[in-house]
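Have a look at the structure below before the remarks.
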Amino acid sequence: HPGETMAQWFIDGLLSRLLSDVPVASKLLDNCVFYLVPNMNPDGCIRGNHRTNGNGLNLNRQWANPSKIQCPEVFYVRQALHRYGVDMFLDVHGDEEIPYNFMMGGGSNCQLKQQVNLFKNNFANASSDFQDAIDYDTFHKGQSSCCGSSCGKPSLAKASSYVEGKFSCLSMVLEMPFIDNANNPDKETGWSAQRSIRLGESILEPILRWTESRYPRIE
């Protein structure tokens, strides 16, 4: 979603630290292959759209059957996922309503919920700006929301649900606030580009913890 610019700053932080010489980055790059899309919707950004691409489509509702003409962004990224395979997937967004950083699993595979919860706990330990108590389900208190995590037949329209349903892997959406993080407010800057960058830097630790738990031979 082009209006959710905090996502691009998050990826900036992730990439900068991943390409540094810190031990966590070296260990990850020695054992993992990362595929990153810093901007999933460049045409929408250029046009000043908030949620749609240049053809007026919400790209996070096109994953079930993307049109090569109307949403080539999803068509080619999805094609690459099937070509190379997926072990872990992260879809980064901003949320206009909930004043916290939070994550949700793809929502269709109950067996993966334990992995999602462990990842979130490790992320909260790595960053004071992340928390695992509030998400779409708890914030809306049982009301319907766009990205609830109840198990069942997956809706393949959204990226995280599509990847979880097709690859049976850890697949999550990360949401950041537009205004500020209520758990750690900053009266001068609110939630900012720099804080998004720092959050992106912090996600390397939970990725490494998950990798080590899944592939114990990694040292």
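Computed from a prediction, not measured in an experiment: that's the story for all the values here. The first residue of the sequence shown is numbered 1, and numbering continues consecutively from there.
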Criterion side chain to side chain contact (heavy atoms under 4.5 Å, CB included) on Leu18 and Leu29, from CA distance to verdict:
CA-CA 8 Å; Leu18 186 64; Leu29 290 177; 3.9 Å; yes
Can you list the steps and then say if Ile207 with Met88 is a side chain to side chain contact (heavy atoms under 4.5 Å, CB included)?
CA-CA 9 Å; Ile207 292 176; Met88 189 186 78; 3.7 Å; yes
Any chance you could lay out the side chain to side chain contact (heavy atoms under 4.5 Å, CB included) test for Val92 and Trp9, step after step, and finish with the verdict?
CA-CA 10 Å; Val92 188; Trp9 291 115; over 6 Å; no
Quick one: do Tyr100 and Glu175 satisfy side chain to side chain contact (heavy atoms under 4.5 Å, CB included)? Show the steps, please.
CA-CA 8 Å; Tyr100 302 97; Glu175 299 280 1; over 6 Å; no
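The minimum heavy-atom distance linking Asn65 with Arg78 is given by the pair N-NH1, 4.2 Å. Residue Leu170 comes nearest to Val116 through the heavy atom pair CD1-CG2, 3.5 Å, listed as atom of the first residue, atom of the second, then distance. Across Gly105 and Glu164, no two heavy atoms sit closer than the pair C-OE1, 4.3 Å. Scanning all heavy atoms of the two residues, the minimum distance from Val77 to Trp63 falls at CG1-CH2, 3.9 Å. Listed here is the closest heavy atom pair of Cys32 and Thr211: SG-CG2, 3.7 Å. Across Pro66 and Val74, no two heavy atoms sit closer than the pair CB-CG1, 3.7 Å.
Side-chain contact between Leu90 and Met103 is present, with heavy atoms from C-beta onward closer than 4.5 Å. Annotation: side chain of Ser160 is not in contact with side chain of Met104 (no heavy-atom distance under 4.5 Å). A heavy-atom distance below 4.5 Å is found between the side chains of Asn60 and His93. The side-chain heavy atoms of Asn53 and Cys71, taken from C-beta on, include a pair separated by under 4.5 Å. Contact of the Phe102 side chain with the Asp137 side chain is not registered, since no non-hydrogen atoms from C-beta on lie closer than 4.5 Å. Using a 4.5 Å heavy-atom cutoff, the side chains of Trp210 and Leu118 are not in contact. Two residues are said to be in side-chain contact when any heavy atoms from C-beta on lie closer than 4.5 Å; Asn101 and Pro177 meet this criterion.
Between the NZ atom in Lys120 and the CD atom in Gln115 there is a gap of 13.0 Å [rounded to 0.5 Å]. Rounding to the nearest 0.5 angstrom, the gap separating the OG1 atom in Thr5 from the NE2 atom in His50 is 9.5 Å. To the nearest 0.5 angstrom, Ile203 atom CD1 is 11.0 Å from Asn122 atom CG. Rounding to the nearest 0.5 Å places CD of Glu4 at 11.5 Å from OG of Ser196. Note: Met176 CE to Phe10 CZ = 6.0 Å, rounded to the nearest 0.5 Å. Interatomic distance, CG of Asp43 versus CD of Glu73, reported as 6.0 Å (0.5 Å rounding).
Side-chain atoms of Asp180 come within 3.5 Å of backbone N or O of Asp186 as a donor-acceptor pair. Ser161 places no side-chain N or O within 3.5 Å of a backbone atom of Leu156 that could act as its donor or acceptor partner. Between the Asn49 side chain and the Arg51 main chain, no donor and acceptor come within less than 3.5 Å of each other.
Within a 6.0 Å sphere centred on CZ of Arg209, heavy atoms belonging to other residues, nucleotides or ligands number 12 at most. In the displayed structure, Arg47 atom CZ is contacted under 6.0 Å by at most 12 heavy atoms of other residues, nucleotides or ligands.
Using cut-offs of 30° and 60° for the angle between ring planes, the His82 and Phe167 rings count as tilted. Classified by interplanar angle (parallel below 30°, tilted 30° to 60°, perpendicular above 60°), the ring pair Tyr35/Tyr84 is parallel.
Leu199 and Leu36 fall within a single hydrophobic cluster, where Ile, Leu, Val, Met, Phe, Trp and Tyr are joined by side-chain heavy atoms under 4.5 Å apart, directly or via other members. Leu204 and Leu208 fall within a single hydrophobic cluster, where Ile, Leu, Val, Met, Phe, Trp and Tyr are joined by side-chain heavy atoms under 4.5 Å apart, directly or via other members. Note on Phe123 and Ile197: separate hydrophobic clusters, where clusters join Ile, Leu, Val, Met, Phe, Trp and Tyr whose side-chain heavy atoms are under 4.5 Å apart, directly or indirectly. Neither Tyr76 nor Val37 shares a network with the other; the hydrophobic side chains, linked directly or stepwise wherever heavy atoms of I, L, V, M, F, W or Y lie under 4.5 Å apart, form separate groups for each. Phe75 and Leu57 end up in different hydrophobic clusters when Ile, Leu, Val, Met, Phe, Trp and Tyr side chains are linked at under 4.5 Å.
Under the 4.0 Å criterion applied to side-chain N and carboxylate O atoms, Asp129 and Arg195 are assigned as salt-bridge partners.
Side-chain contact of Asp91 with Tyr162: a donor-acceptor pair under 3.5 Å is absent, judged by distance alone.
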